[in-house]
Each structure stands twice: as structure tokens, then as C-alpha cells.
Amino acid sequence: MSSSLALRQARHLSTAATSATTTTTTTTTTITTPTSISISKAKYKLKSEHDPDKALEIYSSVSDHYATSLSTGYTQNFTVKRLAKANRFDDIENFLESHKKDPNIIQEHFLSSLIRSYSVAGMFDHALKTYNDMEELGTPRSSLSFNALLSACVRGKKFGDVVKVFDEMPQRNGFVPDSVSYGILIKAYCEMGDVGLAIERLREMEGKGVDISSIHYTTILHCLYVKGMVEEAEKVWNEMLEKGYTDVGAYNVRIMNVPGGDVECVKGLIEEMGNDGLKPDAISYNYLMTSYCKREMLDEAKKVYDDLEINKCKPNAATFRTLIFYLCKKGRYVIAHKVFKQSVEAHKIPDFDTLKILVEGLVKKSKMKEAKGMIRTIKKKFPPTVVKAWEKIQQELGIVIADEDDNKKRVMELRKM
DNA sequence: CTAGGGTTAG
């Protein structure tokens, strides 16, 4: 019997607890404990939980679910993502539809989070149906649920629907599109490749007195660069400067489009940001660091990384991944290993491929202790499928981890009890 | 994750 089949059966047995003939073994024990946890604890636990059933369990064990709608939306989204990854769309439907029987369904934000959850699961039709169910469910309409639906259209690449929904729904249901609605619409036009219409909608906002923000401009700016319309991008940028619609994100779009990733240009823009009264963030510095890496100026790149703290920035997952990759590429495995350890402390471990290069490099340099330690750490942090892949690498490299066998023995002993 | 933009892929 395959292990996944075994899991399915175990799950089936645990839910059908009434069937008297089931003399199941250990699998039921973890599920029947009626522990109740806080939403913040659930958020923390969900982060490291990759098993969709356990994620569901954590979600349903939250005691104060509807007190804090924002956090609930987050945990709900998270649980759905885990189920979607396992392709369990029927379970997602059951899970989310059951919320429609909850008395809180008449709260628009509660219903909107269902639309968002369907959207991240790639179930656009369900998202639309939930929106259309609102009359029947007795949920009042405003731009809140409307924007959730618009986002679902964009995520599902139903661009034609975005425009249709945008032009029809507000009138029919008696509300006006707000600044966020326009933001989603503009993004949709950009994704469709029609930046001209995006700009038209921006002008429409001006005419109607809807609040414009740097987000609307940045969406268009980014799109112009993507389409290679550099001159138009510069024009829009100047308009942004004039009207005061620049922020860190807008500057980062400019930085990421510096021709050839020229180091001096990137540095210049970071300086400009400061003069504009803005504080460059980790993304800004990551671009600078990457520019150095690509020119094989690893000492300078490392300095950008080391200076992050002075600049009041925290390295993110991309920082660690990029720096470790390029350090390895130049054979500087020992420094790369130090950076890896810092990534563990920051709970931002790079991806499988990057770490593979590092472990192999350490072994090549006969740094067996470091390589072993790395694998041990990685196994604790990744889901079972990734751990399996690591075991293969471990075998190929001939790495034996002594206390692993001891652990297995201990588990066997426990099972006998 | 927080309704909407920017997250570097080697």
C-alpha cells in the first residue's frame, strides 16, 4: 500500500469514528484531542505546517475565530493554500461552503474572505458564485466584496470579466468603485497589455475625484518598463515627481529597470530616494547587492548585506538566496555557510537548489561537519517531500549522520509501548 | 496575509 493511500484511509477512519468495527491503531489519537488555541498561536503553527489535514485541524481548533476577522482571513487563506497544493478542491469547497451557514455570513468582510480564499485556490467560479449568493445570504454589498471579486478576476486572468464586472456591478448594486477598485482595474489593463486604457482610467479617476495614490502610478510605470516603453515611463515618472506620488515601491520599480543593472545607477537612485525623504528598504538594497554579485564583486555585495542592519533593514529570503548562490558560484563556501546559518536564525532558509550547491561545495572542501550540520537543520525545517530529496543527496555524498539511527530506534521503542 | 503596485531566477 502506498503511503498516501494509507494516509487517506487513516483520515477516512478517523472521521468515521462511529463505525463500531474500527479497531484502528495510533492515527486517531491526534485528531480527537479537543484542544483550543488562540488565533496568534494558530498563525504561528500554520507557518511551519505543510500537511493540509493538520492545517485544517489547527484552523478548527481556534477558539476566538470570529473576534478578529483579519487574522481569521489569514489563517483561512493559509489552510486553503495547503489544501490547494494537495489538489484537494472538494475539501476546499466543503470547508469554505460550511462557512456560509455561520451567522457571521451577513458580515461583508466575513463573506469577502471566502471570495479571497476561493481566489487563491484558483476556484474563480466558486468565488463568483459566492459573490452572486449575497442577496440570498442576506449580506449587504459595498466595494469591499466587489474588490475581492475584482481581485479574483485578475488572479484568475479573467481580464474581460474585470472590465465587465467593473462597469456593471456598482450601478446594479448601488455603490461606487473606490480607489482600490480602480487600482485592481488598472492592474488588469496592464496585465492585458493595454497600458493606454490603464492611463485612461487614471484620468477618469482624476475626473471623478477618486483618490489617486502612488500605487496606481507605480502599476502603470512598471507596465511601461515591461513593454520597453522607456520614454513614456520617464514621462510618467516625472509626473509622479511633480505631483508627489513617489514612494519606496515606485523607486524600486525604477531601480529594477536600470539598464544592465549598472551599479552606479542603482547607487544613484538609492541616494535620490534619501534626498526625496524616503528610506530605501531591503528590496532596494537587494537590487544593489545583486548588481555587485553579477559583476563578481562579492566583497562589495557582502558589504551591502553586512550594512543592512546599519541601514535599518532586515534581510529577506531573496537576500539570503542571492548572496549564498553567488558566494558558492565563486567557491566561497565557508562564508556562504556563515550566511546560511544567519538565514536559519532569521527563519528565511533558501530554496532546495541553492542549498544543494552549498552542501556539495562544503563536501568538496572537506567541511564534513558543516555539511552534516546543514542537512540536520534542513531536515527539521522542510516538509517530508523535500526531506526525501535531501536523503538522496546525503546518500550520494556519503554523509552519515550518527544520531539519526538512534532517533529511529527511539521511535521504534515508543511505538511498541 | 492585512482590499490595490514593486520581491532580483543565477
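Quick note on labels: first sequence line is chain A, next is B, and so on, each numbered from 1. Since the model is a prediction, treat every value here as computed from it, not as a measurement. Values below: every heavy atom of this structure, side chains too, minus hydrogens, waters and symmetry copies.
Taking atom CZ of residue A:Arg254 and atom P of nucleotide B:dG5, one finds them 21 Å apart after rounding to whole Å. Summarising the geometry, the separation between CG on A:Leu327 and P on B:dT8 is reported as 18 Å, rounded to the nearest angstrom. Atoms NE2 (A:His109) and C1' (B:dC1) sit 16 Å apart, rounded to a whole Å. If you take OH of A:Tyr74 and P of B:dA3, they are 14 Å apart, rounded to a whole angstrom. For A:Leu355 and B:dA9, the CG to P distance is 15 Å, given to the nearest whole Å. Note: CZ (A:Phe110) to C1' (B:dT2) measures 17 Å, nearest angstrom. In this structure, A:Asn286 atom CG and B:dT7 atom P are separated by 12 Å, rounded to whole Å. The interatomic distance linking A:Asn257 (CG) with B:dG5 (P) rounds to 17 Å, in whole Å.
For A:Phe325, whose side chain is taken as the heavy atoms from C-beta onward, the closest listed nucleotide among B:dT7, B:dG10, B:dG4 is B:dG10. Distance from the side chain of A:Arg321 is smallest for B:dA9 among the nucleotides B:dG5, B:dC1, B:dA9. Each of B:dA9, B:dA3, B:dG6 was ranked by its minimum atom distance to the side chain of A:Thr290; first place goes to B:dA9. For A:Ala250, the listed nucleotide lying nearest its side chain is B:dG5; candidates were B:dT8, B:dG5, B:dG10. For A:His216, the listed nucleotide lying nearest its side chain is B:dG4; candidates were B:dG6, B:dA3, B:dG4. Here the nucleotide nearest the side chain of A:Ile215, chosen from B:dA9, B:dG5, B:dT7, is B:dG5. Listed nucleotides: B:dG6, B:dG10, B:dA9. Nearest to the side chain of A:Val253: B:dG6.
Note on A:Tyr326: a base of the nucleic acid sits closer than 4.0 angstrom, heavy atoms only. In this structure, A:Gly183 reaches neither bases nor backbone, as no heavy-atom distance under 4.0 Å exists between it and the strands shown. Across all strands shown, A:Asp281 has heavy atoms under 4.0 Å from base atoms, whether or not it also approaches the sugar-phosphate. If you check every strand for non-hydrogen atoms under 4.0 Å, A:Val154 touches nothing. Looking at heavy-atom distances under 4.0 Å, A:Asp247 makes contact with a base. No engagement by A:Ser181 is indicated, since no non-hydrogen atom pair under 4.0 Å with the nucleic acid exists. Using a 4.0 Å heavy-atom cutoff across all strands shown, A:Ser179 reaches at least one base atom of the nucleic acid. In this structure, A:Ile184 reaches the sugar-phosphate backbone alone: every heavy-atom distance under 4.0 Å involves primed, P, OP1 or OP2 atoms, never a base.
A donor and an acceptor atom, one from each side chain of A:Lys100 and A:Thr130, are located under 3.5 Å apart. Inspection of the A:Glu234 and A:Tyr225 side chains reveals an N or O donor paired with an N or O acceptor under 3.5 Å.
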CA sep, side-chain torsions, deciding dist, call: A:His126, A:Leu96, side-chain contact (heavy atoms from CB on, under 4.5 Å)
CA-CA 10 Å; A:His126 287 74; A:Leu96 292 178; over 6 Å; no
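Contact detail for A:Ser343 and A:Pro350: the closest heavy-atom pair is OG-CD, 3.5 Å.
A salt bridge links A:Lys356 to A:Glu360: at least one charged side-chain nitrogen sits closer than 4.0 Å to a carboxylate oxygen.
Atom name C1', nucleotides B:dA9 and B:dA3: the rounded distance is 29 Å, in whole Å. Comparing B:dT8 with B:dG4, their C1' atoms sit 22 Å apart, to the nearest whole Å. As rounded to the nearest Å, B:dG5 and B:dG10 have P atoms that lie 24 Å from one another.
Taking only distance into account, the side chain of A:Thr218 meets the base of B:dG5 through a donor-acceptor pair shorter than 3.5 Å.
In terms of phosphate contacts, A:Arg116 brings no side-chain nitrogen or oxygen within less than 4.0 Å of OP1 or OP2 of B:dA3. OP1 or OP2 of B:dT7 has not a single side-chain nitrogen or oxygen of A:Lys314 nearer than 4.0 Å. Close to B:dG5, at under 4.0 Å from its OP1 or OP2, lies no side-chain N or O of A:Ser213.
Other residues, nucleotides and ligands contribute more than 12 heavy atoms inside 6.0 Å of the CD atom of A:Glu206.
When each of A:Met368, A:Glu396, A:Glu370 is paired with A:Val363, the side chain to side chain contact (heavy atoms under 4.5 Å, CB included) condition holds for A:Met368 and for no other.
By the 5.5 Å and 30° criteria, A:Tyr287 is stacked with the base of B:dT8.
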